[in-house]
Amino acid sequence: MIVLGIDPGSRLTGFGVVEVDGPKETVIEYGVLRLDKHGSHQLRLKEVYDRISEVAARVHPDECAIEMPIYGRNPQSMLKLGRAQAAAMMAVLNRDVPVTEYAPKEVKKSVTGRGNASKEQVWYMVRAILQLDESKDAMMLDASDALAVGLCHAHRLTKSGSSKKHTGWESFLRSNPDRIAE
């Protein structure tokens, strides 16, 4: 199964594509769409739509997972973020790819064991889970967040029916010894 994960933003949108074959998770590609050079918000939305459409055409995802905007202090920023999410969703929905939304805390908990993990902790765990080489990796936090969204979805699909809950970081590590890089 191929999962396209998206971390939408009106200035930076991260994307990550993960192939899941049983317990094996492999990165296909990831990146960040830099939207500042596209001037108006409307042109940025078009760029999100066009570039995510290109990724979907190239990798043929079976599923798409996207982080949903939950809260913000500035209503205008939240509106722009919601529009960027909608543009990304439409890009994959127009290719008949199902989309699932995840709250940021759910994504963080899925990959780190903590719903309040920092972006740097998510970045570290995504690299460890996917065995990305630190010395060659120039991944930005938005790309690692997108990969985390994809991993969250893959974990939910492969472990559906499991009622196992983790009570903290130590419990998560004990339950997932295969996800710890040495």
Side-chain contact, heavy-atom cut-off 4.5 Å: Y49 with N94?
yes

Checking V3, I2, L4 against I28 for side chain to side chain contact (heavy atoms under 4.5 Å, CB included), the one that qualifies is I2

Residue set satisfying salt bridge (charged side-chain N to carboxylate O under 4.0 Å, His left out) with R51, at least two apart, ordered chain then number -> E47

Check whether any side-chain N or O of K108 sits under 3.5 Å from a backbone N or O of R114 as a donor-acceptor pair, and report yes or no. no

* Hey, does V17 have a side-chain heavy atom less than 4.5 Å from the side chain of Y30? -> no

When every non-hydrogen atom of A154 is compared with those of M1, the smallest separation belongs to CA-CE, 4.5 Å

Using a 4.5 Å side-chain heavy-atom cut-off and chaining through intermediate ILVMFWY residues, the residues clustered with L79 come out as none

Hits for side chain to side chain contact (heavy atoms under 4.5 Å, CB included) against E101, two or more places apart or cross-chain, chain-then-number order -> I66, M68, Q85, M89

- Would you indicate whether the side-chain heavy atoms of L35 and L43 approach each other to under 4.5 Å? no

Taken in chain and number order and not counting sequence neighbours, the residues that satisfy side chain to side chain contact (heavy atoms under 4.5 Å, CB included) with D36 are R11, R44

Can you check whether D145 reaches V107 side chain to side chain, under 4.5 Å on heavy atoms? no

Residue pairs meeting side-chain hydrogen bond (donor to acceptor under 3.5 Å, both in side chains), one or both in residues 52-62, sequence neighbours left out, come to E29-R58

* **side-chain contact (heavy atoms from CB on, under 4.5 Å) evaluation trace for R83 with H41** => CA-CA 9 Å; R83 289 175 180 161; H41 180 63; 3.4 Å; yes

Any side-chain heavy-atom pair from L151 and V18 closer than 4.5 angstrom?
yes

Do the non-hydrogen side-chain atoms of E25 and E19 ever get within less than 4.5 Å of each other? no

Query raised in the report: Hey, does D7 have a side-chain heavy atom less than 4.5 Å from the side chain of T13?
Result: no

Those residues at least two apart in sequence (or on a different chain) that pass side-chain hydrogen bond (donor to acceptor under 3.5 Å, both in side chains) with D21 are none

**Report entry** Ionic contact status for R156 with E106, cut-off 4.0 Å
**Finding:** yes

### Query
Side chains of I6 and V149: closer than 4.5 Å at any heavy-atom pair?
no

